[in-house]
Structure formats: structure tokens, C-alpha cells
Amino acid sequence: MIVEDLLITEQKQIADNIFMMKLTGNSVSHMDSPGQFIHLKVADGIDPLLRRPISICDVDAGSQELKIIYRTEGKGTKQLSEKKVSDTVNVLGPLGEGFPTDHMERGETALLVGGGVGVPPLYYLAKKLAAKGIDLQIILGFRSEKDVFLEEEFKKLGQVTVTTEDGSRGLKGYVTDGMAQLDVPYQTYYTCGPTPMLRAVQLSAKSEGYVSLEERMGCGVGACLACVCDVAEDHIGEGKKYRKACSDGPVFIAGEVII
Amino acid sequence: MIVEDLLITEQKQIADNIFMMKLTGNSVSHMDSPGQFIHLKVADGIDPLLRRPISICDVDAGSQELKIIYRTEGKGTKQLSEKKVSDTVNVLGPLGEGFPTDHMERGETALLVGGGVGVPPLYYLAKKLAAKGIDLQIILGFRSEKDVFLEEEFKKLGQVTVTTEDGSRGLKGYVTDGMAQLDVPYQTYYTCGPTPMLRAVQLSAKSEGYVSLEERMGCGVGACLACVCDVAEDHIGEGKKYRKACSDGPVFIAGEVII
Amino acid sequence: MKNLRVVLPGLSMKNPVMPASGCFGFGQEYGRFYDLNELGAITVKAVTTDERPGNPTPRVAEVDGGMLNAIGLQNPGLDHVTKHELPWLEKFDIPVIVNVAGNVMEDYIHVSKQLSSIKNVSAIELNISCPNVKVGGIQFGSDPEIAAELTRKVKAVSNVPVYVKLSPNVSDIVGMAKAVEQAGADGLSMINTLVGMKIDIKTGRPVIANKTGGLSGPAIKPVAIRMIHDVSQVVKIPIIGMGGIHCADDILEFLMAGASAVAIGTANFVDPFACPNLIKELSQRMDELGIEDINSIVGRSWRSCENVTSSWH
Amino acid sequence: MKNLRVVLPGLSMKNPVMPASGCFGFGQEYGRFYDLNELGAITVKAVTTDERPGNPTPRVAEVDGGMLNAIGLQNPGLDHVTKHELPWLEKFDIPVIVNVAGNVMEDYIHVSKQLSSIKNVSAIELNISCPNVKVGGIQFGSDPEIAAELTRKVKAVSNVPVYVKLSPNVSDIVGMAKAVEQAGADGLSMINTLVGMKIDIKTGRPVIANKTGGLSGPAIKPVAIRMIHDVSQVVKIPIIGMGGIHCADDILEFLMAGASAVAIGTANFVDPFACPNLIKELSQRMDELGIEDINSIVGRSWRSCENVTSSWH
Ligand SMILES: Cc1cc2nc3c(=O)[nH]c(=O)nc-3n(C[C@H](O)[C@H](O)[C@H](O)COP(=O)(O)OP(=O)(O)OC[C@H]3O[C@@H](n4cnc5c(N)ncnc54)[C@H](O)[C@@H]3O)c2cc1C
Ligand SMILES: Cc1cc2nc3c(=O)[nH]c(=O)nc-3n(C[C@H](O)[C@H](O)[C@H](O)COP(=O)(O)OP(=O)(O)OC[C@H]3O[C@@H](n4cnc5c(N)ncnc54)[C@H](O)[C@@H]3O)c2cc1C
Ligand SMILES: Cc1cc2nc3c(=O)[nH]c(=O)nc-3n(C[C@H](O)[C@H](O)[C@H](O)COP(=O)(O)O)c2cc1C
Ligand SMILES: Cc1cc2nc3c(=O)[nH]c(=O)nc-3n(C[C@H](O)[C@H](O)[C@H](O)COP(=O)(O)O)c2cc1C
Ligand code: FES
Ligand code: FES
């Protein structure tokens with residue numbers, strides 16, 4: 001875990017309120033686990049004060065280049081979107097535990113389900129899985145056509161279904177409607193998106209899986225207990241009754257924590 | 001009085017921690033009284049929150065270009081110095097009452113005494129006076145050679161004496177040492193600089209004069225009473241016992257307010 | 001039909017936005033920037049029996065997210081305000097709230113009585129919370145019994161509704177609010193500044209000549225919201241909310257916390273057009289969020305949805 | 001020879017900088033970033049008799065110049081802390097301060113007694129000021145008599161010095177400080193968080209599940225400085241100062257206000273290296289400003305120059 005000023009090498013709007021940024025620096029070489037995140041200090045000084053968690057979307061180990069995709073929500077992400085190539089951003093990371101892939105074997109199928117800005121971390125995951133020879137069923141949910149991103153990139157890695165709530169692109173409905181249409185079995189699913197979506201995916205899924213949570217964070221490193229979630233009864237055993245999304249997660253085995 | 005985003009057309013370091021900035025916009029055409037100041041909002045948001053008062057150093061009415069010279073002191077001026085050409089700065093102004101010049105007649109002599117960042121407003125004043133055919137005796141005090149600025153520019157307008165505390169340039173000593181050496185009479189003096197200097201100049205001067213004060217400000221427009229100074233006993237008469245540096249000043253008749 | 005109109009005791013306002021006392025003089029300065037008729041109401045600087053010279057300078061200091069001030073209630077005194085400042089405001093068609101301060105109870109009573117019989121004074125705001133005066137002020141603001149007694153006495157002589165401006169520098173804001181409500185206050189103003197200090201590390205001395213000053217600005221907003229949230233649930237009188245409002249969403253937050261109107265202080269210094277700009281922004285935000293009647297969101301943070309629209313809240 | 005060493009009851013520190021309770025866990029997380037031996041001391045998270053689950057999430061919210069938190073004293077309980085957390089800290093050669101909380105006096109007494117007999121516990125910090133627990137906590141922090149009684153009882157059983165952590169949410173901080181000093185406190189920690197709230201205008205509800213939260217960060221620094229300035233002049237026991245420290249000049253400001261050492265809270269979240277960086281910066285600033293002994297500036301803001309160096313102040 002390092003804190004480093006990363007250099008912005010690209011900044012581009014790729015959908016409605018959605019930006020893609022590339023950053024480079026030494027710490028990028030440690031970012032090899034999909035599902036991990038970085039904690040960004042968007043401005044010097046106090047406005048805003050706290051760091052912002054953003055998932056690692058892709059890493060080019062050779063050029064030490066990190067890609068993130070983010071939606072402008074409030075002050076922090078808005079300021080981030082105003083940064084320019086050759087500005088720097090102070091980055092703490094990589095943080096957290098990512099998506100486990102070791103258990104997947106060549107020829108097996110993985111289901112990836114992402115919603116909105118939950119989609120980006122699945123891209124790096126998809127690349128890792130595809131490189132291992134895993135077949136990918138990918139379902140990406142957005143509100144509307146203007147919100148869609150990464151569709152083409154995912155298509156190079158597996159079978160992609162896009163769903164939109166208004167039907168303006170792909171299947172009309174939610175990611176679970178996409179899941180209902182799936183006709184191939186899968187050994188593991190991986191999902192990231194808003195909490196209601198995660199709940200729905202967990203209910204619909206037909207295998208074991210991994211969910212990536214979004215919690216409000218303070219420290220991002222496990223010290224402040226801002227981001228805890230309760231462990232499900234049947235997962236507690238002797239251990240702690242809670243998990244920290246920032247350091248024990250953000251990825252958990254589906255069912256481990258109550259969402 | 002207007003609030004406007006002025007465009008930065010030049011930003012240059014001209015001495016140790018001293019920067020010169022040029023700004024352009026419609027409100028510049030109202031900035032015709034030397035000694036007035038502008039109130040700058042250096043950053044959007046709260047860091048820093050309040051505006052910063054900076055004197056008008058020069059105005060080019062034709063090109064609607066305003067020049068300011070400022071020293072990096074704390075957060076606000078430091079951020080100002082990091083701005084680049086084609087960035088904007090939100091400016092409220094012109095504010096306050098400047099140096100009166102109407103009473104000066106062609107052929108008369110004026111003494112201008114400036115110290116440190118009290119020098120800039122005297123430049124616009126010198127230009128106005130010189131244009132009226134007033135002879136100028138100009139004394140500029142700095143700490144050391146590396147702090148000197150505007151010397152050449154002033155030389156085009158009158159007789160200049162530079163003093164430095166360490167003698168590294170010009171006369172060794174304070175502006176009052178420069179005043180002691182003056183061998184020409186003057187009808188009015190104008191001074192701007194740190195308060196102890198103003199006091200000393202007021203004591204040494206041999207004519208009526210005008211002093212420009214630096215007070216901590218809140219609103220800059222006369223509403224908050226942050227910047228008041230007491231009126232000297234013999235100037236009170238029927239009127240108010242105080243003056244507001246931001247709107248009654250920053251320039252006062254020497255002796256009118258207690259400094 | 002969208003409604004921004006808010007009616008409180010003595011104050012019929014076309015919108016819920018007014019400047020806060022002490023941040024707007026007696027109106028003339030900002031009157032050069034825009035038509036004061038755009039405001040919901042105006043609150044003028046604290047008035048005392050006699051002229052007050054205020055504290056020595058420096059009187060203000062900037063701090064992270066806010067500022068400290070120790071003006072010391074400088075004002076030209078009751079007489080001058082009556083003869084010169086209030087008449088100037090007659091040409092505007094907006095309610096005028098006069099902030100009243102003093103050293104002893106008799107001061108408050110005298111000033112309130114006089115001012116409340118002036119025709120364009122719509123309400124009195126009792127400043128029992130100014131942290132920058134050595135005598136009076138703060139004591140009234142931290143003892144509920146004294147605050148109640150003062151309220152009762154001023155109510156007895158006042159011809160207009162009386163709002164009591166509470167200090168946040170207390171252990172039990174709810175107790176203070178209840179005490180002055182019971183004593184007859186028509187409304188509350190919350191909050192005044194928090195007592196703070198800044199030290200110049202180069203000199204080792206406080207930056208402000210008075211040493212301590214009142215903290216205002218965005219830094220105090222969470223404290224204001226909490227106090228208004230807590231107080232609005234237990235009192236029946238309306239609250240004028242203030243403390244760090246700098247954008248329209250801040251106004252909505254204050255109303256949802258339980259304020260019925262808001263006052264803008266420090267933001268005027270950042271932008272002389274703050275009040276009219278906020279009024280415009282507020283109207284836009286209501287459209288965006290589908291708020292038809294500004295009164296409908298008062299107290300929404302703690303009210304169950306059905307009960308939202310009511311007389312003051 | 002420059003001196004950063006500070007010696008307070010129970011705490012022999014190589015520099016005056018420690019992390020603040022609740023912002024540093026039990027040390028392990030930040031121990032992965034740097035050697036904890038660089039710290040002047042370490043203050044760990046509040047410990048209660050039994051394990052506490054804390055409050056529902058969201059537990060934090062950002063506000064201008066600071067943050068709100070309502071963790072709710074989540075901690076693994078006395079037993080677990082004794083067996084697992086404190087032993088891990090044994091490998092470091094720095095004083096350990098344990099923050100103690102509870103619902104009733106017996107809780108505080110029990111936990112303090114147990115912890116104070118553990119060999120690497122150097123001092124107890126009585127958290128009578130946590131605004132986020134419904135029972136206990138805040139009551140102890142706002143009533144000087146109860147605070148004094150608690151202090152006396154804990155002092156009676158504790159084998160190590162006892163620091164009392166004061167709440168800023170009171171009318172009379174000086175009265176609180178004097179009360180606990182008289183009851184035998186060895187030192188004070190000031191300040192805990194201010195009670196605040198943020199409302200999400202989209203939902204109309206408080207952002208934090210607990211509704212209110214504790215405000216920390218730069219926004220509260222002026223309040224902390226003022227309170228330490230006022231208290232340090234009337235008590236003889238030393239003060240550990242905290243509240244919004246983000247740079248070395250902030251540390252100097254706290255010391256000049258009257259603190260003898262400082263604690264860093266929210267700044268750790270902004271920069272995990274905050275503590276060691278601040279220690280380095282502080283040493284540099286001392287050089288630049290010609291401060292030879294860090295103890296020499298304690299209370300400089302109110303002391304006449306001759307008296308500056310003294311035992312605690
Ligand atoms: C592990 C993790 C990974 C994430 N990855 C991405 C990503 O790849 N792309 C993306 O667009 N967004 C991502 N998010 C959400 C992103 O962190 C928030 O959108 C962002 O923090 C909002 O900041 P703001 O200043 O724009 O909004 P503001 O509303 O001003 O933020 C105020 C505070 O709330 C916090 N906050 C607001 N929304 C969220 C949220 N949804 N989750 C957590 N904290 C929040 C902020 O961090 C900040 O502390 C991720 C969140 C987490 C926890
Ligand atoms: C009428 C007037 C004209 C001025 N003209 C110039 C000029 O032409 N060039 C120049 O370099 N400086 C000028 N100054 C001083 C300039 O305003 C301060 O140096 C500047 O405000 C410091 O801001 P900061 O953020 O860098 O420092 P900080 O120390 O961070 O400022 C903190 C607060 O203190 C105030 N402050 C600090 N120093 C001063 C000061 N000396 N006077 C008034 N307020 C202060 C700031 O405005 C701010 O509110 C002028 C001041 C006044 C009152
Ligand atoms: C410079 C200044 C002067 C003030 N003077 C008064 C006053 O005379 N009477 C009063 O009741 N409040 C006074 N206040 C407090 C404000 O009315 C308001 O309650 C406080 O500043 C919080 O609002 P804000 O954060 O929007 O500024 C003053 C505040 C400032 C900043
Ligand atoms: C997330 C968080 C948790 C905290 N937990 C505790 C605690 O358990 N016990 C305590 O006495 N103070 C606790 N505090 C208060 C801090 O110790 C400190 O007094 C306060 O945050 C002010 O310092 P700061 O502005 O540097 O953060 C906590 C603060 C934060 C932000
Ligand atoms: S964000 Fe601090 S523990 Fe997770
Ligand atoms: S700065 Fe507000 S009156 Fe002068």
C-alpha cells in the first residue's frame with residue numbers, strides 16, 4: 001500500500017456523466033487484483049477533505065497505466081472530471097480484497113453482472129478470467145442508452161447482454177431479466193453495482209458467487225470502522241461478527257455479509 | 001460595483017515571492033481611480049472562503065486590462081500565483097475611495113512613498129499624476145535587493161529613490177531615510193505600506209498627505225464593520241467616530257484616522 | 001403553482017430568504033448591488049441603547065470553512081437607528097427585523113419597546129447570544145431562566161412579534177428553546193456563532209484583538225442543522241435557520257431540518273449577490289426536485305410524510 | 001539541542017504527537033504503513049466491558065471542512081482487547097493510552113481497573129464525551145458533578161494516570177475541566193467531536209443512520225483552540241489537544257493555546273502517513289521558527305514571555 005501522486009495521461013467523457021481516466025505511476029505495478037480499489041485525494045486542502053474510493057477498471061502492467069471509470073456525483077468526482085492530462089492525483093492503493101479467480105479452471109464459465117458504475121471493476125476481472133481461458137457470460141445493466149459504456153470492450157472477452165431500464169438499448173429491464181434469459185450454466189458469478197441490484201442478483205443466481213459492496217468510507221484501510229457490514233449468522237462461527245468493506249472487502253463471498 | 005470573472009492574460013514572477021498578474025474584463029473600465037482595490041475570490045468553494053483585497057496597480061483602459069502585483073503570503077495569494085493564463089478569477093470591484101488628485105496643479109510636486117506591497121497602487125497614481133504634469137519624487141522601500149520591483153517603471157515617471165533595509169540596493173535604511181535626503185519641497189504626499197511605515201512617514205512628512213491603510217476585511221463593501229479605524233479627535237466634529245477602511249478608505253487624509 | 005411565500009409571526013415574506021443580522025449593515029451597502037425588494041425580509045445589525053464603538057481591530061480572521069468575527073456590536077445606537085437607518089428602509093416593501101442587544105435587561109427592554117413602535121419594524125430579534133460582548137450577551141444565552149425572564153419582559157413591552165436568537169454554545173439547546181417558547185417568544189433564530197479562536201503562530205498571540213471570536217460559515221452548518229432538527233420537534237413556534245448557508249441545497253437542508261425560513265450571513269461577504277442568487281437557485285431547485293410549496297418540506301427530516309404541511313413547520 | 005520530548009503523567013514521549021482515539025484502531029492498520037515507534041504515543045479505540053456492534057451504516061458523512069461519524073463505540077470488548085490487541089502493541093516502545101467508555105459508572109470502573117493493570121498500558125483516557133451512544137456517554141460529559149464522581153471512582157481503582165476526555169458540547173468547558181481536575185484527573189484530552197447532522201436533500205433524511213454524528217476535522221479547530229486556551233489558564237494538569245490538526249502549524253497553534261501534546265484524528269484518513277509526516281514537519285518548523293524546546297511554547301498565547309517554560313505548560 002502506497003500513497004503516490006499519479007500522473008493523468010488521459011481524461012475522456014465516455015457516456016452521460018461518465019468519465020474514463022488513465023493514470024500512471026510506480027504504485028500501479030502493485031494493482032494486480034481485480035476488484036480492488038484506490039482511494040483518491042481529489043484536491044489539496046479541505047475542499048473536499050476526504051478521499052474517494054474508485055475501483056480499478058484496468059491495468060496495463062507494461063506501461064504502468066491504470067484505468068478508472070467514474071460517474072460525476074458530487075463535489076469530489078466533479079472536481080476529478082475537471083482535471084487535465086499532466087495534472088496529478090494523490091492515490092492511496094491498491095486497497096481491499098478483490099475477486100478471487102484461482103478456483104476457476106479453464107473451460108469453466110463465469111457470470112459477470114454489473115450495474116452502472118459497478119461495471120468498471122468487472123472489466124479487469126473479465127480480462128484476467130479470459131486470459132485463463134474461462135468462458136464469460138456478461139450482463140451489464142444501465143438506466144438508458146446514454147449511460148452505456150464498455151460494451152464493445154467486454155464483447156471482445158465474452159458473451160455480452162446489455163439491459164436498460166427503458167429498453168433504449170439491449171434488453172429492456174434489469175440485469176436479473178438478463179440472468180433469467182441465460183441458457184448456459186456457470187460455475188461462479190461475480191457482481192458489482194448498487195445494493196438493491198446485488199440483493200436481486202444474489203437471489204437469482206444459480207451458483208456460488210462474489211459480490212462487491214459500496215459502503216461509505218472514512219479511512220479506507222480498516223482503522224475507523226465506518227464501512228462495516230454484519231456477517232450472516234451462518235458465517236460467523238468463532239470469528240468476528242462484522243467485516244470491513246474497505247479491508248476485508250469490498251468483495252465478499254455471496255451470503256457472507258448481510259446486504 | 002460589479003462581480004465578474006476576469007480572464008488572466010499574464011502571470012509572471014517579478015521579485016522574491018512577488019507576482020504580477022494582468023486581468024481583463026468589462027469591469028476594468030470602471031477602474032479609473034488609483035488607490036482603489038479589488039476583492040478577489042481565489043478559489044471556487046470554501047478553500048479559502050473569503051475574498052482577498054489587492055490594490056489596482058495599473059489599468060490599460062484601451063485593452064480593458066488590469067494589472068495587480070501581489071506577494072504570496074498565505075493560502076489565498078499562493079493559490080492565486082498558481083493560476084495560469086486563460087484561467088479566470090472572480091473579482092468584485094473597484095472598491096473603496098482612492099487617492100485624490102484633483103487638487104494637484106501642473107508644476108506642483110508630489111511625494112510618493114511606498115513600502116513592499118504598498119508600492120503597487122502608487123504606480124497607477126504616479127501615471128495619473130505624471131499625465132497631469134505633476135513632478136514626482138518617489139521613494140520605494142524594500143527589505144533587500146531581491147524584493148525590489150517596479151523601479152524601472154517608476155523611473156519613467158519621476159525621480160526615484162530606492163531604499164533597502166540591508167543596503168543591497170539603493171540607499172541603506174528605511175523610506176524615512178530617503179525622505180530625510182529630499183531636497184525639493186512637495187505640496188502633497190501619498191503613501192502606502194505597512195502600518196509602522198505609514199506612522200513614520202506621517203511624522204516625517206512636511207506637507208498634507210494621504211495614507212492608504214491595510215485592514216483585515218470581511219465584506220469589503222462597508223457592511224460588516226470588520227475594517228473600522230477610529231477617527232482622530234480633531235476630525236470627528238459632528239460626524240461618525242469611525243471610518244471603514246473598505247468603503248470610506250483605504251485612502252484617508254493623513255491624520256484623519258488613528259493608525 | 002409553485003409557492004415560495006412563507007408567513008411567520010409578523011413576517012409575510014415572498015420567499016424564505018433574508019440576510020442575517022450583522023452581515024448586512026442596515027441594508028444600504030447591499031442596496032447598491034440589487035433591489036432589496038427581492039429579499040424575503042431583512043435583518044439589520046444589532047441595536048443597543050447607546051452608540052457602541054465595538055472592539056479593537058483585527059476583528060475578523062479566516063479559518064478553514066469559515067471565519068471568526070468579534071465586531072463587538074458596534075452600532076450607532078437606538079436614536080441614530082431610529083432617525084436615520086430605519087427610515088431609509090421605508091421605501092422597501094419587505095418586513096424588517098431588528099436585532100436587539102444590551103448589557104442588562106433594562107437595555108433590551110428599552111430598545112425593544114422603542115423599536116417595536118416604529119412603523120416599518122416587523123419583528124424584534126433578541127440577540128441573547130452574541131459571544132463578543134463582555135457584559136450581558138452570553139449570560140442571557142446560556143441560562144434558560146434568565147433567557148425566559150428576558151423574553152417575558154420584552155414581550156410585555158413589544159408591539160411586534162419577538163424572535164429569540166439562540167446561542168449554540170450550550171449543553172442543552174432544547175432546554176433553552178423550550179424556556180423561551182414558554183416565556184412567550186413568537187419564534188426562534190438559530191444559530192448564532194460558535195465561540196472560537198485562532199492563534200498566529202508567528203506572534204504566538206490570538207489573531208483577533210478580542211482574542212475569541214464567533215465562528216460562522218460552512219464549518220458550523222452541521223451544528224446548526226442538528227440543533228434545528230432537535231429543537232423544531234419540541235417547540236411549536238417557527239425557527240429562522242442560519243449558519244453556513246452558501247447554496248440553495250443548504251437552504252433546503254435547513255428547511256428539512258425544521259426551519260421555516262433562513263438567514264444568510266457570511267455568504268454575503270463571499271458574494272455580494274448571495275441573497276438574490278440563492279433565491280433564484282432555490283426556485284430552480286424546487287422545480288428540479290418537484291417541490292411545489294416551500295412550506296411543504298419544513299421538518300421533512302423528522303416528520304412522517306403525511307404530516308409535512310402544517311402551519312409553521 | 002532541539003527538544004521534541006514531552007513528559008506527561010504516565011507518558012514519556014519522544015515527541016508530542018499521537019493518533020486520536022477511534023481514528024487509529026488498535027494500531028495494526030497504520031502499522032502496515034510505518035513503524036509505530038515513530039509516534040510520541042498511541043491512543044487506541046474506545047474499549048467497553050463487552051463487545052459492541054456499533055451503529056448501523058452509513059456511519060460517516062463528509063461536510064465542509066470536516067466529517068461526521070457515528071461509529072457507536074464498536075469494539076471487541078475488554079476481554080478481546082486484553083488478549084489480542086494490547087499484546088500486539090507490546091513490541092513497540094511507545095506509551096499506550098487506552099480510551100475507556102461505558103453506559104454506567106460501573107462499566108468505566110471495571111474496564112479502567114482491568115486495563116490499568118496491564119503492563120503496556122501507560123494511561124487511561126476516560127471517554128465521557130462520545131456523542132454517539134444513547135446511554136451514558138454524553139450525560140457524563142455535560143454534568144460536572146457526575147464527571148467528577150466518575151473521575152474520582154476511576155482514579156481510586158486505576159494503577160495508571162487518568163486523562164479525562166472532555167466534550168465541547170457544553171456551556172461551560174472551564175467548569176467541567178475544573179471539576180474533573182479537583183476529582184483527581186491527571187490530565188485532560190480536548191476536544192471530542194461537536195454534535196452535528198447532515199440531511200440528504202434527495203431523501204429528506206439524515207445521511208447518517210444514527211441521525212446525529214460527531215463533527216471532526218479542520219471545521220472544529222477554532223472551537224478546540226478556544227477551549228484549550230480558556231481551560232489551560234485555570235487548571236494545573238496538562239492537556240492533550242486535538243480537533244482538526246492537519247499540519248505542523250496546527251500543532252504549534254494547539255501548543256501555544258495551552259496543550260502539552262496533541263492527537264491526530266481525521267487527518268489519518270486523509271493521509272495514512274499523517275502522524276509521521278507531521279512529526280517531521282514539526283521538527284522542520286521548529287528550526288525555521290527558532291523553537292529549541294517544544295515545551296517552551298506551551299501556553300504562549302496567554303503567558304507572558306518569561307513564564308513560558310514550566311512543568312506541564
Ligand atoms: C469500493 C468502492 C468502489 C467504487 N468504485 C467506483 C467506480 O469505479 N466508479 C464510480 O463512479 N464510483 C465508484 N464508487 C462510488 C464512488 O466512491 C462515489 O461515487 C464517490 O465517492 C462520490 O463522491 P462525490 O464527491 O462525487 O460525491 P459526494 O456526494 O460529494 O460525496 C460525499 C461523501 O460520500 C461518499 N460517497 C458518496 N457516494 C458514495 C458511494 N456510492 N459509495 C461510497 N461512498 C460514497 C464520498 O466518498 C464522500 O465521502 C465506489 C465506491 C466504493 C465504496
Ligand atoms: C486595501 C488593501 C489593498 C491591498 N493591496 C495589496 C497589493 O496590491 N498587493 C499585495 O501583495 N497585498 C495587498 N494587500 C494585502 C493582501 O490583501 C494580503 O496579503 C492577502 O489578503 C493575504 O492573503 P493570503 O491568503 O495570502 O494570506 P492568509 O494569511 O492566508 O490570509 C488570511 C486572511 O487574512 C487576511 N489578510 C492577511 N494579510 C492581510 C493584510 N496584510 N491585509 C489585509 N488582510 C490580510 C486575508 O485577506 C484573509 O482573509 C492589500 C490589502 C488591503 C486591505
Ligand atoms: C461579521 C458578523 C457580524 C455579526 N453580527 C451579529 C449581530 O450583530 N447580531 C446577531 O444576532 N448576530 C450577528 N452575527 C451572527 C449572524 O447573524 C449569524 O447568526 C451567523 O454568522 C451564522 O450565519 P452564517 O454562517 O451564515 O454567517 C454576525 C456574524 C458575522 C459574521
Ligand atoms: C471515526 C472516528 C471515531 C472516533 N472514535 C472515538 C472513540 O472511540 N473515543 C474517543 O474518545 N474519541 C473518538 N473520536 C474522536 C477523536 O478522538 C477526536 O477527539 C476528534 O475526532 C477530533 O479530532 P480530529 O479533528 O483530529 O479528528 C473519533 C473520531 C472519529 C472521526
Ligand atoms: S473505511 Fe475505515 S474501516 Fe473501512
Ligand atoms: S470589510 Fe466589511 S465593512 Fe469594511
Side-chain angles (χ1 to χ4, degrees), chain C residues 61 63-68 138 141-143 167-173 194-206 211-213 215 217-230 244 246 248-257 285 289 297 300-303 305 308, chain D residues 61 63-68 138 141-143 167-173 194-206 211-213 215 217-230 244 246 248-257 285 289 297 300-303 305 308:
Chain C
V63 293
D64 280 337
M67 63 180 280
L68 297 172
I138 195 69
S142 54
D143 183 326
S167 164
N169 304 288
V170 296
S171 311
D172 178 16
I173 192 76
L194 282 164
V195 186
M197 180 184 283
K198 177 177 181 168
I199 294 167
D200 180 339
I201 60 153
K202 287 193 197 124
T203 63
R205 301 286 154 186
K211 293 183 185 167
T212 59
L215 178 62
I220 69 170
K221 198 184 76 174
V223 174
I225 294 290
R226 183 262 298 184
M227 289 186 164
I228 292 168
H229 174 266
D230 289 357
H246 279 248
D249 284 3
D250 291 341
I251 297 178
L252 295 173
E253 195 176 346
F254 271 81
L255 299 179
M256 288 173 169
R285 287 298 279 157
L289 299 166
I297 62 167
R300 179 167 288 180
S301 65
W302 50 266
R303 240 170 241 284
C305 282
V308 168
Chain D
V63 293
D64 280 338
M67 63 179 281
L68 298 171
I138 197 69
S142 53
D143 183 326
S167 164
N169 305 288
V170 296
S171 311
D172 178 14
I173 191 75
L194 283 164
V195 186
M197 180 184 284
K198 177 177 182 168
I199 294 168
D200 180 339
I201 60 152
K202 286 192 198 125
T203 63
R205 302 285 154 186
K211 293 183 185 167
T212 60
L215 177 61
I220 68 170
K221 198 183 76 173
V223 175
I225 294 290
R226 184 261 300 183
M227 290 187 162
I228 291 168
H229 174 266
D230 289 357
H246 279 248
D249 284 3
D250 291 341
I251 297 177
L252 295 173
E253 196 177 345
F254 271 80
L255 298 179
M256 288 172 169
R285 286 299 278 157
L289 298 166
I297 62 167
R300 179 167 290 180
S301 65
W302 49 266
R303 239 171 243 282
C305 282
V308 168

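Below, read A as the first sequence line, B as the second, and so on, with proteins coming before strands; counting in each chain starts at 1.
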State the [atom1]-[atom2] distance between [X] and [Y], to the nearest 0.5 angstrom.
| X | Y | atom1 | atom2 | result |
| --- | --- | --- | --- | --- |
| D/I228 | D/L255 | CD1 | CG | 9.0 Å |
| C/R205 | D/M256 | CZ | CE | 9.5 Å |
| D/I173 | D/H229 | CD1 | NE2 | 14.5 Å |

Please identify, among [options], the residue contributing the most non-hydrogen atom pairs under 4.5 Å to chain C.
| options | result |
| --- | --- |
| D/A224, D/A61, D/P206, D/G204 | D/G204 |
| D/A257, D/P168, D/P222 | D/P222 |
| D/G65, D/P218, D/G244 | D/P218 |

Heavy atoms, side chains only, cut-off 4.5 Å: are C/L289 and C/L252 in contact? yes
Part of D/L68 within contact of chain C (heavy atom distance under 4.5 Å):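 Side chain of D/L68 only, per the 4.5 Å heavy-atom cut-off to chain C.
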Side chain, backbone, both or neither: which part of D/V223 has a non-hydrogen atom closer than 4.5 Å to chain C? both
Which is it for D/D230 and C/V195 under the side-chain contact (heavy atoms from CB on, under 4.5 Å) test, yes or no, and what are the steps along the way? CA-CA 11 Å; D/D230 289 357; C/V195 186; 6.0 Å; no
Check C/R300, C/R285, C/K221 against C/E253 for a salt bridge (Lys or Arg N to Asp or Glu O under 4.0 Å) and give me the one that passes.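 Exactly one candidate clears the test, C/K221.
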Region of C/I201 in contact with chain D, defined by heavy-atom distances below 4.5 Å: both
Heavy-atom pairs under 4.5 Å with chain D, option from C/I199, C/I225, C/D64 with the top count: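 Option with the top pair count is C/I199.
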